[in-house]
Each structure stands twice: as structure tokens, then as C-alpha cells.
Amino acid sequence: MSKYQTLLFDADATLIDFSAAENRALHLLFAEKGLTLTKDVANCYREINEGLWSAFERGEVSRDDIVNTRFELLFEAYGKKANGKQLGDRYQQLLSENHDLIDGAAELVKSLAPHYELYIVTNGVSKTQYKRLKESGLYTFFKDVFVSEDAGYQKPMKEYFDYVFSRIPSFGQDATLIVGDSLSSDIKGGLNAGIDTCWFNPQRKVNNTPVLPMYEIQHLKELHRVLSK
């Protein structure tokens, strides 16, 4: 019998294929503006976006700073001006319409839901995350969804996890495991909160950080092995 009762899952790049959703939304956004999304422009956007989200995790910028300025910064990088908020709002709408799943995600949550208390813990925009989770078919298997926008804090901040834990009935710290793809957000957050951690690392990235997960898996089905220990 597993020592765990409560499983906290990150959403993007853990259960939902964020790369596919992002790529599709960016191409549609640029097409609507009569522009071509080149590989260089896409890479520049991702570099800007990832930098902003990393700053968000450190508490240096707000969620609104990210969604309202990333396209403005992108166009500035190419010597052009753009309405960052307008583009950001449309991008969020397009992103919310894409909800491809990571291989094995649906099968995993369906098999776990009868035996564990499942929750989503995600940084992001509340409206977008709820829509994607519902339309992907995953939402019904989770007891609750905790989005950073609603919490007022974000992973990896301890305050975010305090918010989550206070809303889980009969929460047991020693019986809780977080599963996520991000060392800086999910795993560091779990360590900050004093719970066990499982790093989902399908690309077999080398961990050159001081953040050390308790477990590491390359495919979601491997979580069954972790839970059986």
C-alpha cells in the first residue's frame, strides 16, 4: 500500500502538452495579424516568456506583467511597436482552446483517481487553466484546482503551498507527493513546503541545480512504480 494519499500535479508540460498548445496559439496569433511566425521569432518569444515566468517564480514580477508585456518586448526586440495587452489577451484566448495531453496523462489520472486524492497545482492564468483542464477531460478526476492567480502567490513560494494545504481536507504532509516537470517551480516548491517530490523529466535533462527531487520519472506511467514503494 502506498504511503501517499494526496497527489499534487502540475498542469503544463506535466499533464497538458504546453509546447504544442503554445506553438499552435502563436502561429494563429501571428496569422491573424498577417505576420509569419519564423523559427527565430518563436525562439525569441520563448526566451522572453521563460525569463518572465522565472522572474515571476522569484516574486520579481506579477502575472499581469507577464501577460501584458511579453509581446510588447518581443516586438521591441525587432524594432517594432505593439499593443502588448491586446496581443496578450488574444493569445490567452487562443491558448485556452488548445489542450493536447502528454502521453499517458489521461490513463494515469483515471487509474489514480479512485485510490488517491488528486489536485492540480499550477502557475498561470485561472480562466485559461480551468478551460483547458475541463476541455481536456482531466478536470473531473481532480478534487480541486489551485491556480497561482487565485492564490495570490505562486510556486515555488511556501505561501502558495500554505494556501493549497489549508484547502485540502485532512491534509497530511507526510502523505503528500508533488509531481511536476519544473525543478525551479514544482520540485523546489515541494521542498520548500516539506513534501516529497517527483520530477517528470521526459527529455532526460541533466540536473545541474542544487534542487534534488526524491524521485525522477521519464514517462507518466512510471509514477505507479513510485507510488508502490
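Just so it is clear, the values below take in all heavy atoms, side chains as well, and ignore hydrogens, waters and symmetry mates.
Listed for the E135 side chain is no donor-acceptor partner under 3.5 Å among the backbone atoms of H99. Y160 places a side-chain N or O within donor-acceptor distance of the main-chain N or O of T122, the cut-off being under 3.5 Å. Side chain of Y4 to backbone of Y116: no donor-acceptor contact under 3.5 angstrom is found.
Summarising the geometry, atom CG belonging to L52 is positioned 13.0 Å from atom CZ belonging to R63; distances are rounded to the nearest 0.5 Å. Once rounded to the nearest 0.5 Å, the distance linking CG of L133 with OG1 of T128 reads 10.5 Å. For the atom pair CG of L112 and OG of S2, the computed distance is 9.5 Å after rounding to the nearest 0.5 Å. Note that OG1 of T14 and CG of L108 are 11.0 Å apart. Values are rounded to the nearest 0.5 Å.
Counting heavy atoms from C-beta on, the side chains of V41 and L74 come closer than 4.5 Å. A heavy-atom distance below 4.5 Å is found between the side chains of L94 and E32. Residues N49 and I66 form a side-chain contact, since some pair of their non-hydrogen atoms from C-beta on lies under 4.5 Å apart. When side chains are defined from C-beta on, S185 does not count as touching D10, because their heavy atoms never get closer than 4.5 Å. You'll find the side chain of Q93 reaches within 4.5 Å of the side chain of R90, heavy atoms only.
Between Y153 and Y163, a ring centre-to-centre spacing not shorter than 6.0 Å is recorded.
Listed by first then second residue, pairs satisfying salt bridge (Lys or Arg N to Asp or Glu O under 4.0 Å) with a partner in residues 64-87 read K85-D89, not counting sequence neighbours. Each salt bridge (Lys or Arg N to Asp or Glu O under 4.0 Å) pair with one or both residues in residues 190-212, not counting sequence neighbours, appears once here: K3-D196. Pairs engaging residues 178-191 under the salt bridge (Lys or Arg N to Asp or Glu O under 4.0 Å) rule: K155-D186 [sequence neighbours left out].
Taking all atoms of both residues into account, the shortest heavy-atom contact from F165 to I195 is CZ-CG2, 3.8 Å.
For D144, the side-chain hydrogen bond (donor to acceptor under 3.5 Å, both in side chains) criterion is met by no residue, not counting sequence neighbours. With sequence neighbours excluded, no residue satisfies side-chain hydrogen bond (donor to acceptor under 3.5 Å, both in side chains) with S136. Residues passing the ring pair (Phe, Tyr, Trp, His ring centres under 6.0 Å) test with F142, sequence neighbours excluded: none. For the side-chain hydrogen bond (donor to acceptor under 3.5 Å, both in side chains) test, residues two or more places apart in sequence or in another chain that qualify with E22 are R46. Listed by chain and number, the residues in a ring pair (Phe, Tyr, Trp, His ring centres under 6.0 Å) with F146 are Y119 (sequence neighbours excluded). By the ring pair (Phe, Tyr, Trp, His ring centres under 6.0 Å) test, Y215 pairs with no residue at all, sequence neighbours left out. By the salt bridge (Lys or Arg N to Asp or Glu O under 4.0 Å) test, E216 pairs with no residue at all, sequence neighbours left out. For S54, there are no side-chain hydrogen bond (donor to acceptor under 3.5 Å, both in side chains) partners two or more places apart in sequence or in a different chain.
When L177, V179, I168 are each tested for a side chain to side chain contact (heavy atoms under 4.5 Å, CB included) with L8, only one passes: I168.
With a 4.5 Å cut-off between side-chain heavy atoms of Ile, Leu, Val, Met, Phe, Trp and Tyr, the cluster of V211 takes in L183, I187, L191, W199.
No more than 12 heavy atoms of other residues, nucleotides or ligands lie within 6.0 Å of CD in E47, so this atom counts as exposed by the packing criterion. Other residues, nucleotides and ligands contribute over 12 non-hydrogen atoms within 6.0 Å of the NZ atom of K131. Enclosure of atom CD in Q203 is not indicated, since only 12 or fewer non-hydrogen atoms of other residues, nucleotides or ligands lie within 6.0 angstrom.
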Side chain to side chain contact (heavy atoms under 4.5 Å, CB included) for H115 and L227? Distances and angles first, verdict last. CA-CA 11 Å; H115 310 288; L227 295 174; over 6 Å; no
